Amino acid sequence: GSTLAQMGDLALALLEFSNGLKHSPNDPQLRANLGLALRNKGDAEAALVHFKWLAERDPANADLRIQIGQTLRQKGDLSGSLKEFESALKLNPEIRDGYYGLAQSLRQMAAKSRRPVDDPEARDIRKRLAAGDPGGAADLSRKWIAATPNRALAHVLLGMSLARSGDLR
């Protein structure tokens, strides 16, 4: 099955691994290979069943925690993947894939939390600036800042509005 998976024939590899598990249901290597093949096929839920089965039997295995973390990240469960990568690093602080997985999950979380740069408020302020109304743009920027004080773009646009109007208050 492993050779088939490496050659890209996941369907046949999955069949081989599944047949192998019928004869040896407790074989950890078969379960790991089946989990990897299922994840590569895009079936994260089924892969997790096998990786978690393995982790229950070998809780100190950092590599399994990484496999679970990668599978959770593929599934979109970023907070779950962070926990798994952190667990892997506690078990083995020198495991490179743990740091890489942690960084990838954090990067994806940051990307999801970012609001688009083209907020409706920003469009209105830019329209006012383009129309030659920096005072109106400054007023809109101040309102936006009052509503969302941590929005950096609102502060940038206020600075631009004030610079164009000459109002430095």
Side-chain angles (χ1 to χ4, degrees), residues 1-126 144-157:
S2 296
T3 304
L4 292 167
Q6 289 173 354
M7 291 174 29
D9 192 345
L10 289 178
L12 199 50
L14 288 168
L15 184 62
E16 288 292 317
F17 293 138
S18 296
N19 285 337
L21 274 182
K22 288 176 187 172
H23 301 291
S24 303
N26 295 320
D27 185 321
Q29 192 60 51
L30 273 174
R31 286 211 181 248
N33 287 336
L34 182 55
L36 288 170
L38 286 164
R39 187 176 69 206
N40 290 339
K41 181 184 164 222
D43 192 350
E45 280 299 325
L48 279 172
V49 169
H50 296 286
F51 292 141
K52 287 181 177 181
W53 184 92
L54 289 164
E56 287 174 9
R57 284 147 185 82
D58 190 2
N61 187 326
D63 290 319
L64 282 173
R65 294 292 164 197
I66 288 172
Q67 294 303 328
I68 294 170
Q70 289 171 342
T71 307
L72 289 171
R73 190 175 72 227
Q74 177 182 337
K75 191 178 141 189
D77 180 357
L78 298 176
S79 61
S81 72
L82 282 177
K83 289 176 188 167
E84 292 299 330
F85 292 126
E86 288 169 346
S87 175
L89 290 168
K90 284 179 186 167
L91 293 167
N92 181 356
E94 296 180 17
I95 195 161
R96 181 183 66 205
D97 288 342
Y99 292 103
Y100 180 77
L102 190 65
Q104 291 298 315
S105 293
L106 288 170
R107 183 188 59 75
Q108 285 180 304
M109 287 178 93
K112 277 188 165 187
S113 69
R114 282 188 215 121
R115 289 180 57 193
V117 173
D118 195 16
D119 295 87
E121 297 90 342
R123 269 186 302 213
D124 293 342
I125 294 166
R126 288 186 180 116
W144 192 18
I145 290 169
T148 55
N150 293 329
R151 189 72 175 110
L153 182 57
H155 292 275
V156 169
L157 290 172

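This structure is a prediction, so every number in the text was calculated from the model and none was measured.
Contact record, A55 with I68: CB-CD1, 3.8 Å, taken as the closest heavy-atom pair. The two residues L89 and I95 have their closest heavy-atom pair at CD2-O, 3.6 Å. Of all non-hydrogen atoms in G35 and A47, the two that sit nearest each other are O-CB, 3.2 Å. Contact detail for F85 and G69: the closest heavy-atom pair is CZ-C, 3.4 Å. Of all the heavy atoms in A44 and T71, the pair that sits closest is O-CG2, 3.4 Å. The two atoms that bring A154 and W144 nearest to each other are CB-CE3, 3.3 Å, heavy atoms only.
Here L82 contributes atom CG and S87 contributes atom OG; the two are 12.0 Å apart, rounded to the nearest 0.5 Å. In this structure, the separation between CH2 on W53 and CG on N26 is 4.5 Å, given to the nearest 0.5 Å. One distance of note links CG of L78 with OG of S105; it measures 5.5 Å at 0.5 Å rounding. The NE2 atom of H50 lies 5.5 Å from the CG atom of L38; values are rounded to the nearest 0.5 Å.
With sequence neighbours excluded, the residues that form a side chain to side chain contact (heavy atoms under 4.5 Å, CB included) with E86 are L102. Partners of Q67 according to the side chain to side chain contact (heavy atoms under 4.5 Å, CB included) rule, which considers only residues two or more places apart in sequence or in another chain, are L36, R39, F51, Q70. Checked against side chain to side chain donor-acceptor pair (under 3.5 Å), E94 has no partners two or more places apart in sequence or in another chain. By the side chain to side chain donor-acceptor pair (under 3.5 Å) test, N61 is found to be paired with D58, residues two or more places apart in sequence or in another chain being considered. With sequence neighbours left out, Y100 forms a side chain to side chain contact (heavy atoms under 4.5 Å, CB included) with Q104. With sequence neighbours excluded, no residue satisfies salt bridge (Lys or Arg N to Asp or Glu O under 4.0 Å) with E56. Scanning for side chain to side chain contact (heavy atoms under 4.5 Å, CB included) contacts around A103 gives an empty result, with sequence neighbours left out.
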Would you tabulate the side-chain donor-acceptor contacts of residues 17-24 under 3.5 Å, counting partners in other chains and residues two or more places apart, or write 'none'?
residue: S18; atom: OG; partner: L14; partner atom: O; Å: 2.9
residue: N19; atom: ND2; partner: L15; partner atom: O; Å: 3.3

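For residues 63-79, the set of pairs meeting the salt bridge (charged side-chain N to carboxylate O under 4.0 Å, His left out) definition, not counting sequence neighbours, comprises E45-K75, R65-E84.
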